[in-house]
Amino acid sequence: MIKITFPDGSVREYEAGITGLDIAKSISNSLARDIVSVSVNGTNLDATRPIHTDATIKLHKFDDPEGKYAFWHSSAHLMAEALEALYPGVKFGIGPPIDNGFYYDVDLGEDRVLTDADLPDIEAKMSELAKQKNDYQRQEVSKQEALDYFSDKGDEYKLELINELEDGTISFYQQGNFVDLCRGPHIPNTGFIKALKLTSIAGAYWRGDENRKQLTRVYGITFPKKSMLDEYLEMLEQAKERDHRKLGRELELFMFSNRVGQGLPIWLPKGAALRERLENFLRSVQRKHGYQQVITPHIGQKELYVTSGHYAKYGKDSFQPINTPAEGEEFLLKPMNCPHHCEIYNSKPRSYKDLPIRMAEFGTVYRYEQSGELHGLTRVRGFTQDDAHIFCRPDQLKDEFIKVIDIILYIFKVLDFNDYTAQISLRDPGNKDKYIGTDENWEKAEAAIIEAAEEKGLHTTVETGEAAFYGPKLDFMVKDAIGRKWQLGTIQVDYNLPDRFELEYIGSDDHRHRPVMIHRAPFGSMERFVAVLIEHTGGKFPLWLTPDQVVVLPISEKYNDYAQKVLNYLNNCDIRTLIDGRNEKIGRKIRDNELLRIPYLLIVGENEQNEESVSVRRQGEGDKGTMKLKEFEQYLNKEIDKLLLY
RNA sequence: GCCGAUGUAGCUCAGUUGGUCAGAGCAGCUGAUUUGUAAUCAGCAGGCCGUGGGUUCGACUCCCUCCAUCGGCUCCA
């Protein structure tokens, strides 16, 4: 007998060799029907794996992340089985579970192309196979057996994967006629998969390497219940409604023009007003934190970027130099603000007493992004960074870094971004050629970031190999409406640029020293930040930020004069107010302005005119009752102040 | 840049096997209505069917080029 400990601490005894599934059955049959995998001593395993020794276990349903992992992993195998049945000879790359579903990379051969039209057939085959309730059977194999199997099959992708595995750790899983190299775990049988949808087809380079063959990637998602698939599809529909590209057009915030050029956003009046307000907000925060604003030109001599190292790294993949007509000079559209700021630093001798110097600029930069990468406002070719560079002494580095974290967290709090993650990006020690700078400086910089993040108690993930080429960084990421992650704020330590520009200060010892630089942008770029803000709020911006705060709706044209009086009064109080004086019924005006997400609708007619009052309606909430004008002004200012009171 | 898809009026979309198929709703304009908390009614106007080629007696419809957009991949100072 063995002792099995459950998450609640209770212990039961079972025969050695019992499976997680049997344990579930011993509790209840209905539970057993929902169990898709089991964690044994912290390792996620098949629910059908025998347990031979005392263990702590946790039974996973689909609702658990571990359960989803197994469920979608098994679904990928089911799809592969369907693909093999429909397209004999297909070769398989990898087929992992992902955040929302799974994919499988396949090679169909030279002359076969998969398109969206093929998806229903594959889905039908998968459903057919799922109904057979075939068990997922695990088999441990030797490396040689594994190699033999896939060389017989002629699948060079699997052979490549097997060659990187160690003998004795290799397992196959089989369901129906399909066998795959896989570590597991898997669900008990295909019958668990009750609802499925293949979502898209894409190209994906084998092993993520653009120099290798491009495989066909098929994405899908599955559920143990039909209703869950419906809910998921419904959620996707709702997410589409929040898409910043759609809302940007509907709320007239920004546009693109092919004549102007792809990836070059154009800010419309309302969008520009919103952005300006965000910039002023940050300016004011930065002023309080000892930053000074500077302004630098949009182009700079090529030599500037040769000095900074950016030209060597990005020159040939960037917008090409602008040539002068006569002297043969070359200028680059600025892709970065930092070289300009270094020149400002260098414009006069600096003392250790002057440091830190914090130089801020809303600097517009231009980068040649690959055409396939452009995406709404989040990935563009011309954008404005809320950039700043902090030049400080090495002994000030960690403090300054922490102060920047404080600013970013403050901004996130004011704007109600609570669901962010922080990522520390370090260099890949196995690939040092990708980076510039000395080992010693890298080590110092990475240590400073890790310590600062720890000191602020940030929950961070560490990504090796994700650093910028000149230094490590701390990035703040948030998710958009459909769960895609975007990097917003960033803080980067840089020892290299001060070297390259030979930045110096005179220390208390009367000797020359090299300052350290911090690059930082709390929003990242105004474009991306506004995009994420649009999706985060669904276009319902905070009152202090929104382009139009109030719209006055006269019941009929007879009350347009009174509406104008209300408008004048509010505009005098610095409340951004419009009138909807159209010859339409009040219901119509309410509907149209609700859809424009204007926070307050003021309905005025006979009664309001007589009492010098307004009937207040909050967007999305409905009628708030009647108030005197003065009262409404105070009511609004209370809401505006509350939002800035952090 | 690569793989796949898409591109018809300002927006959202119909357009059957190539042959009065250039349409609808919303938005816009004009008129009527003067309205009390999410769409008043009527009329009018609006499109070189993304671009450039080709096939055909005839192309929105078929083929190719290019451009742009969408979903991914790669990239992201």
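Numbers restart at 1 for each chain; the letters A, B, ... are given by sequence-line order, proteins then strands. Given the structure is predicted, the values throughout are model-derived calculations rather than measurements.
Residue contacts shown for A/Arg379 include a base, since a base heavy atom lies under 4.0 Å away. Among the heavy atoms of the strands lying under 4.0 Å from A/Gly372 is at least one base atom, whether or not backbone atoms are also near. Among the protein residues, A/Gly208 comes within range of the sugar-phosphate backbone only, with heavy atoms under 4.0 Å from sugar or phosphate atoms but none that close to a base. Nucleic acid contact for A/Arg217: sugar-phosphate only, since backbone atoms but no base atoms lie under 4.0 Å from a heavy atom of the residue. Contacts of A/Lys473 with the nucleic acid, taken as non-hydrogen atoms under 4.0 Å apart, involve only primed sugar atoms and P, OP1 or OP2. A/Val365 comes within 4.0 angstrom of no nucleic acid atom, judged by non-hydrogen atoms across all strands. Contact annotation for A/Tyr219: backbone-only contact, meaning every heavy-atom pair under 4.0 Å involves sugar-phosphate atoms and none involves a base. Contacts of A/Tyr103 with the nucleic acid, taken as non-hydrogen atoms under 4.0 Å apart, are absent. Across all strands, A/Gln262 comes closer than 4.0 Å only to sugar-phosphate atoms, never to a base (heavy-atom distances).
Between the side chain of A/Glu210 and the base of B/C2, no donor-acceptor pair of N or O atoms lies under 3.5 Å. The base of B/G36 lies close enough to the side chain of A/Glu608 for a donor and an acceptor atom to sit less than 3.5 Å apart.
Place A/Gln492 and A/Thr115 on RNA chain B by their nearest nucleotides, and A/Thr115 ends up nearer the 5' end.
Between the P atom of B/U40 and the CG atom of A/Asp592 lies a distance of 9 Å, rounded to the nearest Å.
In this structure, A/Arg379 pairs ionically with A/Glu369, as a charged nitrogen and a carboxylate oxygen lie closer than 4.0 Å.
In RNA chain B, runs of at least 3 consecutive Watson-Crick or G-U pairs, each pair with both distances below 3.5 Å, span B:1-7 with B:67-73, B:10-13 with B:23-26, B:28-32 with B:40-44, B:52-54 with B:62-64.
Distances shown here put a side-chain N or O of A/Arg245 below 4.0 Å from the OP1 or OP2 atom of B/C70.
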